[in-house]
Amino acid sequence: MEQLWSLMPEFWEGFRVTLLLLVVSGVLALILGTAIAAMRISPVPVLRGFAAAWTEIARNTPLTLVFFFTAFVMPMLGVRAPYLLLAFVALTYYTSPFVAEALRSGINGVPVGQAEAARSIGLGFRQTVSLVVLPQAFRMTVPPLINVFIALTKNTSVAGGFFVVELFATTRQLANDNGNLVIQILLVAAALYLIITVPLGFAAGQLEKRWVVAR
């Protein structure tokens with residue numbers, strides 16, 4: 001236990017980077033995904049086509065390939081940035097279509113009469129979406145969105161293969177350096193991931209109860 005406890009600073013640093021990847025990429029993916037979902041229902045054909053293409057391409061591209069592009073191809077194209085920043089880009093790009101599709105399912109669940117009523121009192125498309133449609137869509141899609149962020153938590157481990165020292169990369173290095181503690185190290189790593197994902201699942205249930213929408 002003393003030897004395992006001495007490894008906690010390394011675990012904490014990896015856990016901190018994983019949390020940073022989750023929070024920053026999650027917020028950016030939520031913003032981008034919301035914009036993509038709004039474009040999917042836009043009256044402008046070009047915006048609808050762009051959003052549909054973005055969604056289909058991004059969610060059907062393997063995450064490892066996305067990381068390979070950001071870590072190796074983008075620097076070859078002249079984009080010089082820290083690998084952590086490139087990891088934010090990769091995770092945001094990959095997660096945004098899943099956020100968009102979750103929101104689009106919520107938007108489809110909003111009664112058409114809500115939008116018609118908004119337009120009848122003079123609200124434009126942007127106001128109707130931002131003030132009427134999206135608030136209701138968010139309330140109806142809390143569990144799917146939380147599931148997206150739980151998946152994002154696990155997807156941060158891919159960054160460990162591309163020069164970002166997060167929890168997975170830290171666990172791998174500690175297991176290599178401490179062969180007599182492999183099982184204990186893996187259990188600690190699993191517990192740290194659960195510290196993130198279990199509260200997210202609990203929060204989804206609580207928010208769903210609070211924001212339940214009468215059908």
Side-chain angles (χ1 to χ4, degrees), residues 1-33 58-77 79-99 102 143-207:
M1 289 300 298
E2 183 178 351
Q3 185 180 357
L4 185 63
W5 184 254
S6 68
L7 304 177
M8 286 304 162
E10 286 87 350
F11 272 120
W12 168 247
E13 181 60 23
F15 182 69
R16 185 189 67 81
V17 176
T18 292
L19 276 179
L20 184 62
L21 288 169
L22 170 63
V23 173
V24 174
S25 301
V27 170
L28 294 177
L30 183 61
I31 295 171
L32 181 57
R59 70 176 179 174
N60 289 301
T61 303
L63 180 56
T64 303
L65 186 60
V66 175
F67 264 98
F68 184 88
F69 180 85
T70 56
F72 297 108
V73 178
M74 287 178 63
M76 292 173 60
L77 297 176
V79 179
R80 303 296 178 184
Y83 286 114
L84 181 61
L85 180 58
L86 296 176
F88 292 147
V89 173
L91 290 170
T92 299
Y93 170 78
Y94 183 79
T95 307
S96 62
F98 296 98
V99 171
L145 285 175
I146 295 293
N147 287 336
V148 169
F149 295 131
I150 290 175
L152 173 60
T153 302
K154 294 179 285 187
N155 287 339
T156 58
S157 62
V158 180
F162 293 89
F163 316 112
V164 178
V165 185
E166 42 67 70
L167 183 55
F168 172 76
T170 299
T171 302
R172 181 179 57 193
Q173 186 60 50
L174 291 177
N176 289 336
D177 295 341
N178 301 271
N180 60 321
L181 295 175
V182 172
I183 295 178
Q184 293 91 327
I185 288 171
L186 293 178
L187 289 175
V188 171
L192 290 174
Y193 277 113
L194 289 174
I195 287 174
I196 301 174
T197 56
V198 170
L200 283 176
F202 178 77
Q206 295 301 309
L207 290 174

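Quick caveat: nothing in here was measured; it's all calculated off a predicted structure.
For the pair N178/L7, a side-chain contact is recorded, criterion being any heavy-atom separation below 4.5 Å from C-beta on. The closest side-chain heavy-atom distance from F11 to T171 is below 4.5 Å. Inter-residue side-chain proximity for Y83 and T70 is flagged as unmet; no heavy-atom pair is nearer than 4.5 Å. At a threshold of 4.5 Å between non-hydrogen side-chain atoms, the residues L167 and V17 do not count as touching.
Applying the side chain to side chain donor-acceptor pair (under 3.5 Å) test to residues at least two apart or on different chains, none of the pairs has a partner in residues 147-170. For residues 9-28, the salt bridge (Lys or Arg N to Asp or Glu O under 4.0 Å) pairs, not counting sequence neighbours, are E13-R16.
No more than 12 heavy atoms of other residues, nucleotides or ligands sit less than 6.0 Å from atom CZ of F68. Residue L77 qualifies as enclosed at atom CG: its count of foreign heavy atoms under 6.0 Å is above 12.
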- Message: Between L30 and V27, is the side-chain contact (heavy atoms from CB on, under 4.5 Å) condition met? List the steps.
- Response: CA-CA 5 Å; L30 183 61; V27 170; 5.7 Å; no
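Partners of Q184 by side chain to side chain donor-acceptor pair (under 3.5 Å), not counting sequence neighbours: none found. Every residue meeting the side chain to side chain contact (heavy atoms under 4.5 Å, CB included) condition with L19, not counting sequence neighbours, appears here in chain and number order: F15, I196. Here F88 pairs with L20, L21, V24, S25, L84, L85 under the side chain to side chain contact (heavy atoms under 4.5 Å, CB included) rule; sequence neighbours left out. Under the side chain to side chain contact (heavy atoms under 4.5 Å, CB included) criterion, D177 pairs with Q173, sequence neighbours left out.
Within the 3.5 Å criterion, the main-chain N or O of G160 finds a donor-acceptor partner in the side chain of R172.
Once rounded to the nearest 0.5 Å, the distance linking CD1 of I195 with OG1 of T18 reads 11.5 Å.
In this pair, F162 and F67 present their aromatic rings parallel. The plane angle is below 30°, not in the 30 to 60° band.
The minimum heavy-atom distance between L86 and P75, with the atom names listed, is CD1-CG, 4.4 Å. The shortest non-hydrogen separation linking A175 to V182 is O-CG2, 3.9 Å. Of all non-hydrogen atoms in G201 and I150, the two that sit nearest each other are N-CD1, 4.1 Å.
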